[in-house]
Student: 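A single structure is presented below for examination.
The structure presented is a predicted model; accordingly, all values stated were derived computationally and were not measured. In what follows, every chain begins at residue 1, and chains take the letters A, B, ... in the order their sequences are listed.
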Amino acid sequence: MATFQSLPGFREFYPDALACRNFIFRVWRQTANIYGFSEYDAPVLEPLDLYKAKSGDEIEAQLFSFTDKGGREVALRPEMTPTVGRMVGAKANALKRPIKWFSIAEFYRYERMQKGRGRCFNQFNADIFGEAGTEAEIELIALLAQCLNAFGLTEEDFYVRLSDRNLWFYYLGALGLDETRIRAVLVAVDRYEKYGDDAFKAYTEEFGALDESIKAKVLAFLQIKSLSALEETLGGLGDDQLTERLADWRKLLGGIEAMGLTKYVEVDLGVVRGLAYYTGFVFEAFDRKGELRAIAGGGRYDHLVEKLGSPALPAVGFAIGDMTFALLLEQRGLMPDMVQASDVYCVIGGAEERPAAFAGIQSLRAAGYRVDYPMKEVAFGKQFKAANESGAKLALIYGGDELAKGVVKIRDLADRSEREVPLDEIVPAVRDTLQA
RNA sequence: GCGGCCAUAGCUCAGUUGGUUAGAGCACCUGAUUGUGAUUCAGGGGGUCGCGGGUUCGAGUCCCGUUGGUCGCCCCA
């Protein structure tokens, strides 16, 4: 057993695992580019206050935080949103709007390991700043859907639950609750799916039992699964805020339908997402089988940039975590084999033939072909075996017989056919053979 | 922070009521094999049995502790 181990919850990526990770990142990056998002990056280490300001002191227990040699309280980033909010805020007046940015980055949380959750993980983050209307939500939900179905995941595999914290606030306000009570009810709403009636325990302890008629309305509301049911429940109340908000919902769902995304999206007021900084529409993606934790989550956070000390700037964003996502791809058999094979494997007769082989190898590499060869002198039989196992498509045979004739033999490792080509025509010959 | 289960070779695992020098398959390396492939054969390297203590004539095996893994609770930005 090795003396040194990696830290608990941290992952090492051996080449096969890294190939899978890179594949996922590559597809996410391409998809974000297709949607017109620009990639950014930022520090891994941030001032601790950046997170305290947003989430309060208790967040520190979940952070990798310490005091640096200059006496600064710092933390490894647990999420990207405060950082990107700061970056955008600092240049808010100079950036063309809408600001559509994305990143793929590593995050750290001091938590217990669980399936799909570690202490260090990667997230794809996408955000739109400067757009207050539902157009931003539509664009992000479309991007989220394509980030998943670019891998072959379909509406059979995942869905996006869409909810609205504003609607909850307006509705509960119309029912006569004040803000602190509303927040407590939302905690219960968030937990209702898991705990049923016990979800209201904390509320009851703090404020006394919730009025039965209000509770009945809350329970009915969180089970709403369609726009028409929303309109039926809220339309008759004559509340201006609610009426306006319903118009936003129509716009949002109309846009989603026009983009062909309705099959992925379900209205579900049972989602409220932790009470942190979300201010309006919120959404979460889940696997259809319900076996994994959330694949992605996001929502609107219109006040964060201002809270960080910059001009107010509306914002919407979401993140996809790599751990649960990779589990989902594996479960559905959608992770392709990541063979890291050469194009060409060279078989070299011996020390006499090595210089000629090296010349050919380098000219092929200069032309962009992936070429490998045995470092030591090895019997021909072994070399052919190695060539076969390497996964290369072609073997190039630099033997004494060939070189005496001024040629090299190209062997197609799949169909075992061979042909001879002059030494100085190797590059075009390999190109032709690989293209055939 | 709390709880369940687990820990023997790089991987998957055997290992008898506690008993000689801890095994197998796969993988890796060498050779048979100095010009043609997934086969075969022969050989090899690799273990302080997670770590520390205890019980015992004797511990991979039993007991305690600890570290790590895994799954769940709290939390989930």
Student: Roughly, in whole Å, what's the span from OH in A:Tyr110 to C1' in B:A77?
Tutor: 19 Å
Student: In whole angstrom, what separates A:Phe121's CZ from B:C75's C1'?
Tutor: 13 Å
Student: Tell me what A:Gly297 touches on the nucleic acid: a base, only sugar-phosphate, or nothing, going by heavy atoms under 4.0 Å.
Tutor: nothing
Student: Measuring only the P atom in each nucleotide, how far is B:C5 from B:U66? A whole number of Å is fine.
Tutor: 16 Å
Student: Considering every strand and a 4.0 Å limit on heavy-atom distances, what is the contact class for A:Arg77: base, sugar-phosphate, or nothing?
Tutor: nothing
Student: If you check the A:Arg411 side chain, which of B:U33, B:C75, B:U36 turns out closest?
Tutor: B:U36
Student: Using the C1' atom on both, measure B:G50 against B:U70 and round to a whole Å.
Tutor: 15 Å
Student: Round to a whole Å and report the spacing from CG of A:Asp190 to P of B:A77.
Tutor: 8 Å
Student: Step by step, work out the ring pair (Phe, Tyr, Trp, His ring centres under 6.0 Å) result for A:Phe281 and A:Trp249.
Tutor: CA-CA 9 Å; A:Phe281 288 106; A:Trp249 269 87; 5.1 Å; yes
Student: For the CD atom on A:Glu193, are there more than 12 heavy atoms of other groups (residues, nucleotides or ligands in this structure) within a distance under 6.0 Å?
Tutor: no
Student: Over all strands shown, is A:Lys409 touching base, sugar-phosphate only, or nothing at heavy-atom distances under 4.0 angstrom?
Tutor: base
Student: Please find out if less than 6.0 Å separates the ring center of A:Phe124 from that of A:Phe25.
Tutor: no
Student: Within the structure, does a side-chain N or O atom of A:Arg293 lie under 4.0 Å from either OP1 or OP2 of B:C71?
Tutor: no
Student: With a 4.0 Å cut-off on heavy atoms, is A:Glu402 in touch with a base, just the backbone sugar-phosphate, or nothing at all?
Tutor: base
Student: Flag as yes if A:Phe380 stacks onto the base of B:G35 (centroids under 5.5 Å, planes under 30°), otherwise no.
Tutor: yes
Student: Under a cut-off of 3.5 Å for both distances of each Watson-Crick or G-U pair, what dot-bracket string does RNA chain B give, using [ ] for crossing pairs and | for inter-strand pairs?
Tutor: (((((((..((((.....[...)))).(((((.......))))).....(((((..]....))))))))))))....
Student: Determine the interatomic distance between C1' on B:U20 and the same-named atom on B:C2; round to the nearest Å.
Tutor: 46 Å
Student: Looking only at side-chain N and O atoms, does A:Tyr301 offer a donor or acceptor that is under 3.5 Å from a partner on A:Thr81?
Tutor: no
Student: When the C1' atoms of B:U48 and B:A59 are considered, how many whole Å apart are they?
Tutor: 14 Å
Student: Name the closest nucleotide to the A:Gln114 side chain, picking from B:A77, B:G72, B:U36.
Tutor: B:G72
Student: Under 3.5 Å, is there any donor-acceptor pair linking the side chain of A:Arg109 to the base of B:C76?
Tutor: no
Student: Could you check whether A:Pro78 gets within reach of a base, just the sugar-phosphate, or nothing at all, counting any heavy atom under 4.0 Å?
Tutor: base
Student: If you only use heavy atoms from C-beta on, which nucleotide in B:G35, B:G37, B:G72 is closest to the side chain of A:Lys115?
Tutor: B:G72
Student: Please give the distance between the C1' atoms of B:G60 and B:U8 as a whole number of Å.
Tutor: 7 Å
Student: Taking only the side-chain heavy atoms of A:Lys385 (C-beta and beyond), determine which of B:U33, B:A77, B:U39 contains the nearest atom.
Tutor: B:U39
Student: Which listed nucleotide (B:G72, B:G37, B:C76) is nearest to the side chain of A:Asn388?
Tutor: B:G37
Student: Could you work out which one of B:G72, B:A77, B:G31 sits closest to the side chain of A:Lys382?
Tutor: B:G31
Student: Starting at CG of A:Leu304 and ending at P of B:A77, how long is that distance when rounded to a whole Å?
Tutor: 14 Å
Student: Determine the Euclidean distance between corresponding C1' atoms of B:A9 and B:G47; express it in Å to zero decimal places.
Tutor: 6 Å
Student: Would you say the side-chain atoms of A:Tyr203 and A:Glu205 include a donor-acceptor pair closer than 3.5 Å?
Tutor: no
Student: Classify the side-chain pair A:Thr83/A:Glu46 by whether it contains a donor and acceptor separated by less than 3.5 Å.
Tutor: yes
Student: Can you check whether any acceptor in the base of B:U36 is under 3.5 Å from a donor in the side chain of A:Arg416, or vice versa?
Tutor: no
Student: Could you tell me whether the side chains of A:Asn149 and A:Tyr264 share a donor-acceptor contact shorter than 3.5 Å?
Tutor: yes
Student: A:Met113 CE to B:C5 P: how many Å, rounded?
Tutor: 20 Å
Student: With a 6.0 Å cut-off (strictly less than), is the heavy-atom count around CG of A:Asp178, excluding the residue itself, greater than 12?
Tutor: yes
Student: Between atom CG in A:Asp16 and atom P in B:G10, what is the gap in whole Å?
Tutor: 18 Å
Student: So what does A:Gln383 touch, heavy atoms closer than 4.0 Å: a base, only the sugar-phosphate, or nothing?
Tutor: nothing
Student: Considering only NZ, NE, NH1 and NH2 on the basic side and carboxylate oxygens on the acidic side, decide whether A:Arg119 and A:Glu111 come within less than 4.0 Å.
Tutor: no
Student: What integer distance in Å separates A:Arg11:CZ from B:G69:P?
Tutor: 14 Å
Student: Among B:G35, B:C76, B:A77, find the nucleotide with the atom closest to the side chain of A:Arg117.
Tutor: B:C76
Student: Just checking A:Glu352: does its CD atom have more than 12 heavy atoms from other residues, nucleotides or ligands closer to it than 6.0 angstrom?
Tutor: no
Student: Is it the case that B:U36 (base atoms only) and A:Glu418 (side chain only) share a donor and an acceptor within less than 3.5 Å, ignoring hydrogens and angles?
Tutor: yes
Student: Assuming nearest nucleotide by heavy-atom distance, tell me which of A:Pro8 and A:Tyr398 is located more 5' along RNA chain B.
Tutor: A:Tyr398
Student: Just the rounded figure in Å: distance from C1' of B:C75 to CD of A:Glu60.
Tutor: 16 Å
Student: Ignoring hydrogens and angles, state whether a donor on the side chain of A:Arg419 or A:Thr433 is under 3.5 Å from an acceptor on the partner side chain.
Tutor: yes
Student: For B:C49 versus B:U56, give the span between their P atoms, rounded off to a whole number of Å.
Tutor: 23 Å
Student: Rounding to an integer number of angstrom, what distance separates B:A38 and B:C13 when you compare their P atoms?
Tutor: 30 Å
Student: Is there, by distance only and without an angle test, a donor paired with an acceptor across the side chain of A:Arg112 and the base of B:G3 below 3.5 Å?
Tutor: no
Student: Hey, which sits more toward the 5' end of RNA chain B by its nearest nucleotide, A:Glu111 or A:Phe10?
Tutor: A:Phe10
Student: Classify A:Gly317 by what it touches in the nucleic acid, base, sugar-phosphate, or nothing, heavy-atom distance under 4.0 Å.
Tutor: nothing
